[in-house]
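What follows is a single structure, written as C-alpha cells, with notes after it.
Predicted, not measured: the structure shown is a model, and the values here were computed from it.
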Amino acid sequence: MEKYLPLLMGMPLFREIPGEELPNLFAEWNPIIRTYSADNFLLTPGEITSHFGILLEGQLNIMKEDYTGNAVLLTRLDPGDLFAEAFAFAHLPVSVLVEAAQNAAVLWLDASLLSAVRPNTNVYQLQIQTRLLQIFARKNVFLTGRIDHLSRRTLRDKLLSYLYEQAQLSDSAYFTIPLNRQELADYLAADRSALSAVLGKLKKEGLIDYHKNQFTLKNQDSSQS
C-alpha cells in the first residue's frame, strides 16, 4: 500500500487529505489489493459487488455487451481512476464488463465502510464522501456526452461531435484523443473500416488532419454541425 500513496494522494478523491491521515483511513476500510493479467475480467454483468475499485497499475476497459454478444468499449481507465462505485453503493447488479487491458493492480474498497456515518466519523472521511458525490456527478456528465455523440444520425456527425468535444476539453484545435482506432470505433458503436473511411473523407475535405491519435480541427465551425 505504501508505494501507492503518492498516486492515491494525487487523486481528486483524496486530494488535500494530509499524508499522515490517509494510511489511518485506509486501515479502517480493510483495503484489498489484487493483481490481474491482461484480458482477465474483474467484473461481469449480473454480478453483485459490495466493493468498488481504484486502478493502481495498468489499464482497464469498461465495456458493454450488445444483444449479439459483441462488447462495445465505454471507456478506458488509467491509474488513479475509480470504477464500479455506482454499483457498490447502490447495491445493484453490475451491467458492464470490466477487463484488464494490460496487467493491472487494483485497490478494492468496501463501499459500506466508506459511506458509513457514525458519531465519531473522521472529518476527512466526510470530506471524501462529499467528493464521491462530485465524482458521480462528473461521470453522469460524461455519459450524457456520449449519448449526445451517439444520438447523431450519421457516423460522420458522431465523429465530428466527439472530436469537437475533445478539442473543447483540450482548449485547442490540436489535441490527442485517449483511444486508438478500434477503441474509437467501439466508443462510437461503429465498424472500424467505416470509421477509417469517414476519417479519410474528413481529411480530404480539409476539416481535420490526424496522425494516429493526434488530431487537428481545421474548421471548428463546421465540426460543430
Pairwise side-chain contact, [X] with [Y], heavy-atom cut-off 4.5 Å (strictly under):
X: L42; Y: W108; answer: yes
X: I32; Y: V106; answer: no
X: T44; Y: V94; answer: no
X: N30; Y: D110; answer: no
X: F87; Y: V96; answer: yes
X: L150; Y: R146; answer: yes
X: K203; Y: K218; answer: no
X: I128; Y: L25; answer: yes

* To do: List the steps and the verdict of side-chain contact (heavy atoms from CB on, under 4.5 Å) for I48 and L92.
  => CA-CA 7 Å; I48 301 292; L92 293 174; over 6 Å; no
* Asked: Between S151 (side chain) and D148 (backbone), is there a donor-acceptor pair under 3.5 Å?
  ->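 A pair under 3.5 Å: yes.
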* Any donor-acceptor N/O pair, Q125 side chain to L113 backbone, under 3.5 Å ->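 Judged by distance alone, yes, a pair lies under 3.5 Å.
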Could you tell me which residues satisfy side chain to side chain donor-acceptor pair (under 3.5 Å) with [X], sequence neighbours excluded, listed by chain and number?
X: Y162; answer: none
X: Q134; answer: none
X: R131; answer: E16
X: K212; answer: none

Rounded distance [0.5 Å steps], [atom1] in [X] versus [atom2] in [Y]:
X: L160; Y: L217; atom1: CG; atom2: CG; result: 8.0 Å
X: M63; Y: L60; atom1: CE; atom2: CG; result: 10.0 Å
X: I17; Y: N24; atom1: CD1; atom2: CG; result: 11.5 Å
X: K158; Y: R153; atom1: NZ; atom2: CZ; result: 10.5 Å
X: L13; Y: I54; atom1: CG; atom2: CD1; result: 6.0 Å
X: R152; Y: I147; atom1: CZ; atom2: CD1; result: 13.0 Å

Mind checking whether [X] and [Y] sit in one hydrophobic cluster, side chains of I, L, V, M, F, W, Y counted as touching below 4.5 Å?
X: L82; Y: F136; value: yes
X: L114; Y: L5; value: yes
X: I33; Y: L8; value: yes

* Asked: Mind checking what makes ring-ring contact (aromatic ring centres under 6.0 Å, His included) contact with Y174, not counting sequence neighbours?
  ->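 Counting only residues at least two positions away or on another chain, Y174 forms no ring-ring contact (aromatic ring centres under 6.0 Å, His included).
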* Using the side-chain contact (heavy atoms from CB on, under 4.5 Å) rule, take L163 and F175 through it: C-alpha gap first, then chi angles, then the decisive distance, then the call. => CA-CA 9 Å; L163 293 177; F175 52 93; 4.0 Å; yes
* Audit row: F215, Q166, side-chain contact (heavy atoms from CB on, under 4.5 Å) steps and yes/no -> CA-CA 9 Å; F215 284 81; Q166 292 298 304; over 6 Å; no
* Output, in order, the C-alpha distance, side-chain angles, deciding distance and verdict of side-chain contact (heavy atoms from CB on, under 4.5 Å) for L97 and I62. => CA-CA 6 Å; L97 281 168; I62 309 296; over 6 Å; no
What heavy-atom pair brings [X] and [Y] nearest, and what distance separates the two atoms?
X: P31; Y: L107; value: CB-CD1, 3.4 Å
X: L55; Y: L7; value: O-CD2, 4.0 Å
X: G58; Y: P79; value: O-CD, 3.2 Å
X: S37; Y: A100; value: O-CB, 3.4 Å

Residues two or more places apart in sequence or in another chain: which of them pass side chain to side chain contact (heavy atoms under 4.5 Å, CB included) with [X]?
X: P18; result: E20, E21, Y124
X: T176; result: N213, Q214
X: M9; result: L22
X: A105; result: Y4, T35, L56, E57

* Asked: What ring pair (Phe, Tyr, Trp, His ring centres under 6.0 Å) pairs are there with at least one residue in residues 28-53, not counting sequence neighbours?
  ->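 Found F26-W29, F52-F89.
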* **Pairwise salt bridge (charged side-chain N to carboxylate O under 4.0 Å, His left out) hits with a residue in residues 163-192, at least two apart** =>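 Every pair satisfying salt bridge (charged side-chain N to carboxylate O under 4.0 Å, His left out) with a residue in residues 163-192: R76-E183.
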* **Selection residues 82-105 - residue pairs positive for side-chain hydrogen bond (donor to acceptor under 3.5 Å, both in side chains), sequence neighbours left out** =>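 Non-adjacent pairs meeting side-chain hydrogen bond (donor to acceptor under 3.5 Å, both in side chains): Q59-Q102, E85-K139.
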